Amino acid sequence: MLELNIIREKPDYVKERLAVKHFGQLEIVDRIVELDINRRSTQKNLDDSLNKSNTLSKEIGALYKTGKREEAEAMKAQTNVLKEQIKQFHDDLSAIEEELKGQLVLLPNLPHTSVSPGKTPEDNEVVRSFGDLPEMGDEAKPHWELCDEYHLMSLELGVKIAGAGFPVFLGQGARLQRAMINFFLDEARNAGYQEIVAPLLVNATTAFGTCNLPDKEGQMYFVGEDNFYLIPTAEVPLTNIYRDEILKESDFPIKVAGYTPCFRREAGSYGAHVRGLNRVHQFDKIEIVQIQHPDKSYETLEEMVVHVEGILQKLELPYRILRLCGGDATFASALTYDFETYSAAQKRWLEVSSVSNFETFQSNRMKLRFRDKDTKKTRLTHTLNGSALALARIIATLLENNQTPDGIKIPKALQPYTGFEMITK
RNA sequence: GGUGAGGUGGGUGAGUGGCUGAAACCACCAGUUUGCUAAACUGACGUACUGGAAACAGUACCGCGGGUUCGAAUCCCGCCCUCACCGCCA
C-alpha cells in the first residue's frame with residue numbers, strides 16, 4: 001500500500017511512475033487526493049464537536065458536584081444537538097476512510113527508477129548470465145521422462161491422492177529433494193539468516209500484510225471452515241512476524257529464512273509449457289527475508305542477489321538474472337530480479353528465484369516501523385525477500401542438465417547431503 | 001468438545017462511572033556519581049490522526065464492534081482471543 005503522503009504531495013509523480021507499470025486506472029489517484037481532503041476536514045469537524053461535548057460534560061459534572069442540579073439538567077439539552085452532529089461526522093468519517101482504504105489498496109507499488117517501462121516478459125533486461133548452456137542435442141530427455149525412468153517422481157500418484165499438479169517424490173527423488181532443502185538452509189544460515197519454522201496456514205490479516213489479499217485472493221487455497229489461507233510462500237508468515245512492531249535502528253538488518261511447502265492454485269494456467277514440474281500446486285521453497293533501513297535496502301537487495309547466485313553456482317547450473325520491466329513486475333515490488341536456469345531438454349529458461357525490494361509497500365500495510373535515531377520519530381521499514389531457492393523447477397533443470405547414459409550426476413556441493421553421487425536405476 | 005477464569009502501556013500489575021492516557025514496580029533511554037563494571041540518584045519514557053513553519057493544541061485508542069449515560073477502562077450485548085482443568089489425540 002502506497003504511503004498517503006506521497007500521493008497527497010506528488011500526485012503527478014505517482015501517476016507518472018504508475019504508468020511505467022502500465023497501470024491504467026490513474027483516476028484512482030485523483031479520487032484518493034479528493035477523499036484525503038474530505039477525510040481531514042471531516043476529522044477536524046468531528047474533533048471539534050467531540051471537544052465541545054467533552055467540555056460540556058465536565059461542566060455538567062462540576063455542577064452536579066456543587067449541587068446545582070437544575071443548571072446541570074439545563075445543560076444536558078445542549079448536548080443533544082452535539083450528539084447528533086458527532087454521530088453524523090463519525091459515520092461520514094467511517095465511510096470516507098473505508099472508501100479511501102479500498103482505493104489505496106488498488107494501487108500497485110511505484111517502480112524503482114532502474115525499472116524499464118517495458119510491457120512483456122520479453123522486455124525484461126538481462127543483467128548478467130553465468131555458465132555455458134548445455135548442448136545435448138535431441139536425445140536429451142525432459143525431466144518428466146527422467147522421473148519415470150528413474151522412478152523419482154510421479155504426477156499420476158499425486159492425482160490419485162490429491163489431484164493434478166501435486167507431485168509425489170519417490171526414493172532417490174525424495175532424497176534429492178530433502179538434500180536440497182538442507183543444503184539451501186545451511187547456505188542461508190551461513191549467510192547470517194536466522195532459521196525459522198512457521199505456520200503453513202495464516203489468517204486474513206497476515207495475508208493482507210504481505211499483499212496477498214485482496215490482490216491475489218484467487219491464487220491461495222482457502223480453508224473456509226476456519227478462515228485460514230494456505231501460504232503461497234514463506235514470505236507471508238516470515239514477514240508478518242514483524243507486523244505491528246517498532247524496531248530500533250540497531251535491530252537492522254533482520255534476516256530470517258525458512259523452509260516451507262508452498263501452495264498455489266494457479267487458476268487458469270494450464271498448457272503445454274506447464275508440464276512436469278514446471279508449474280505445480282505444491283512445491284518446496286526456502287525463502288529469505290530481510291527487514292532493513294530505507295537507506296540500505298538496495299545494498300541489501302544486491303546482497304540477496306549475490307546469495308542466490310552463490311547457490312546456483314554451487315549447483316553448477318547455468319543461469320541468468322533479469323531485471324523485471326514495469327509490465328512484468330509484481331504488484332507489490334519496487335524492484336525485482338528474477339533468476340532463471342536453463343533446462344537442457346526443454347531448451348528454455350525456467351524461473352527458479354525472484355528477489356524483490358518492496359520498500360515501504362508491505363510495511364505500510366503491516367505497520368512495521370522503526371524509530372529514527374535522529375528525529376526520534378517512527379518511520380516505515382523496507383522489506384525484502386527472495387527465493388533461495390524454489391525446489392521443483394531446480395530439480396527439473398538439474399535432472400535434465402546432468403543426465404548421462406549411466407545415470408544422473410549430483411553436483412559436488414550436494415553430494416554430502418544426498419549421500420549418493422549419481423542417480424541410478 | 002465440556003467447564004471455569006481472564007484480556008489495561010515493552011513487562012508485571014492497580015484501577016467498578018467524572019479528579020485516569022491511565023498508579024506503582026520492572027525494563028529501556030539520557031545524565032550525575034564512580035579507577036572499570038556494578039550499585040545508587042536525577043530526568044525522560046505509548047501509538048495514531050487533525051490543526052500549526054514550529055512551539056504547542058485538539059481528538060481517538062485499556063482485545064474488537066455496538067449500546068446505556070451529560071460523561072465509560074469501569075455498566076449492558078455480540079464477536080475474537082488467551083489461560084486452567086476435564087475429555088480426545090500425534
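Every chain is numbered from 1 and lettered A, B, ... according to where its sequence line falls, protein lines coming before strand lines. Just so it is clear, the structure is predicted and the values come from calculations on it, not from any experiment. All values below were derived from every heavy atom in this structure, side-chain atoms included, with hydrogens, water molecules and symmetry-related copies excluded.
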First encountered from the 5' end of RNA chain B, between A:K83 and A:K87:
A:K87
Between atom CD in A:E84 and atom C1' in B:C70, what is the gap in whole Å?
15 Å
Taking the P atom in each of B:C89 and B:C77, what is the distance between them to the nearest angstrom?
37 Å
Answer yes or no: does a side-chain N or O of A:N54 lie under 4.0 Å from OP1 or OP2 of B:U59?
yes
Complement of B:U12, any strand, by Watson-Crick or G-U distances under 3.5 angstrom:
B:A24
Without decimals, in angstroms, what is the distance between A:K76 NZ and B:C70 P?
5 Å
Could you check which nucleotide pairs with B:C29 in any of the strands shown, counting Watson-Crick or G-U wobble with both distances under 3.5 Å?
B:G43
N/O (side chain, A:K44) to phosphate O (OP1/OP2, B:U50) under 4.0 Å
no
When you compare B:C45 with B:A57, how far apart are their P atoms, in angstrom units rounded to a whole number?
13 Å
Validate the cation-pi geometry between A:K101 and A:F208: distance from NZ or CZ to the six-membered ring centre under 6.0 Å, angle to the ring axis within 45°.
yes
Whole-Å P distance, B:C61 and B:G21:
11 Å
Think A:R369 has a side-chain N or O under 4.0 angstrom from the OP1 or OP2 of B:U47?
no
Aromatic ring pairing A:H293/A:F252, orientation class (parallel under 30°, perpendicular over 60°, tilted between)
perpendicular
Just to verify, which of A:V352, A:L350, A:L322 counts as forming a side chain to side chain contact (heavy atoms under 4.5 Å, CB included) with A:E340?
A:L322
Does B:A72 have a Watson-Crick or wobble mate here (both distances under 3.5 Å), and if so which one?
none
Ignoring hydrogens and geometry beyond distance, is a side-chain donor-acceptor pair present between A:Q346 and A:N278 at under 3.5 Å?
yes
Identify the nucleotide, in any strand shown, that forms a Watson-Crick or G-U wobble pair with B:G4, with both distances under 3.5 Å; if there is none, say none.
B:C83
Are more than 12 heavy atoms, taken from residues, nucleotides or ligands other than A:E9, located less than 6.0 Å from that residue's CD atom?
yes
Any side-chain N or O of A:N51 below 4.0 angstrom from OP1/OP2 of B:G58?
no
Base, sugar-phosphate, or nothing for A:I246, non-hydrogen atoms under 4.0 angstrom?
sugar-phosphate
Distance check, P atoms only: B:C83 and B:C29, in whole angstrom units.
31 Å
Please give the distance between the C1' atoms of B:C88 and B:G2 as a whole number of Å.
11 Å
Whole-Å C1' distance, B:G13 and B:C26
11 Å
Heavy-atom nearest nucleotide on RNA chain B for A:S41 versus A:I60: which residue maps closer to 5'?
A:S41
Rounded to whole Å, the NZ-C1' distance (A:K248 to B:A27) equals 10 Å
Taking the side chain of A:R371 as heavy atoms from C-beta outward, which of B:C70, B:G46, B:U50 is closest to it?
B:G46
Please classify the nucleic acid contact of A:L50 as base, sugar-phosphate, or nothing, using heavy-atom distances under 4.0 Å.
sugar-phosphate
Using OP1 and OP2 only, check whether a side-chain N or O of A:R39 sits under 4.0 Å from B:U50.
yes
